[in-house]
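Written below as structure tokens is the structure these notes are about.
A quick note: this is a predicted structure, and the numbers were derived from the prediction, not measured.
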Amino acid sequence: QVNMDRANVSRSVESSLRQLEDIKLIDFDIGLHRLPPALSQVARARMAHQALTMEELGQVLDPPISKSAVNHRFRRIARIAAKLRDNSGPGKL
């Protein structure tokens, strides 16, 4: 049980760090204000509440949303960040 709990915490931390990396890239390249409002809202919430799980993060939003909805929004954010990474080469930033 302890090993499973540690693994879950580790995955949550890694996920949060990846999300923050994606958010920072988007903010630097295009600005969070250019994201759709739902994505901007969850991105700003993640920056303000870095240690929360996705379920907890969904509950601090107004209106609250499900863990599944938070996950879906972060997948969209990850796709945007991946496109920005793919399009940035020498001289493209």
With rounding to the nearest 0.5 Å, note down the distance linking [atom1] in [X] to [atom2] in [Y].
{"X": "Leu84", "Y": "Leu25", "atom1": "CG", "atom2": "CG", "result": "5.0 Å"}
{"X": "Arg18", "Y": "Leu20", "atom1": "CZ", "atom2": "CG", "result": "11.0 Å"}
{"X": "Glu55", "Y": "Ile65", "atom1": "CD", "atom2": "CD1", "result": "11.5 Å"}
{"X": "Ile77", "Y": "Leu32", "atom1": "CD1", "atom2": "CG", "result": "8.0 Å"}
{"X": "Leu52", "Y": "Gln59", "atom1": "CG", "atom2": "CD", "result": "10.5 Å"}
{"X": "Arg46", "Y": "Met54", "atom1": "CZ", "atom2": "CE", "result": "7.5 Å"}

I need the minimum non-hydrogen distance between Leu57 and Val70, along with the two atoms involved.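 Closest approach of Leu57 to Val70, heavy atoms only: CD2-CG1, 4.3 Å.
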
So which atom in Arg76 and which in Pro36 form the shortest heavy-atom distance, rounded to 0.1 Å?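 Arg76 and Pro36 have their closest heavy atoms at NH2-CG, 3.9 Å.
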
Should Arg85 and Asp22 count as an ion pair when the cut-off is N to O under 4.0 Å?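 A salt bridge is present here (some side-chain N lies under 4.0 Å from a carboxylate O).
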
Check for a donor-acceptor pair, side chain of Asn87 on one end and backbone N or O of Lys83 on the other, with a separation under 3.5 Å.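 Between the backbone of Lys83 and the side chain of Asn87 there is a qualifying donor-acceptor contact (under 3.5 Å).
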
Please check if the side chain of Ser16 supplies one atom and the backbone of Gln50 the other of a donor-acceptor pair under 3.5 Å.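 Yes, the answer is positive, given that a donor and an acceptor are paired below the 3.5 Å cut-off.
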
Using side chain to side chain contact (heavy atoms under 4.5 Å, CB included), reason through Ile26 and Leu39 one step at a time and then give a plain yes or no. CA-CA 11 Å; Ile26 292 168; Leu39 300 185; over 6 Å; no

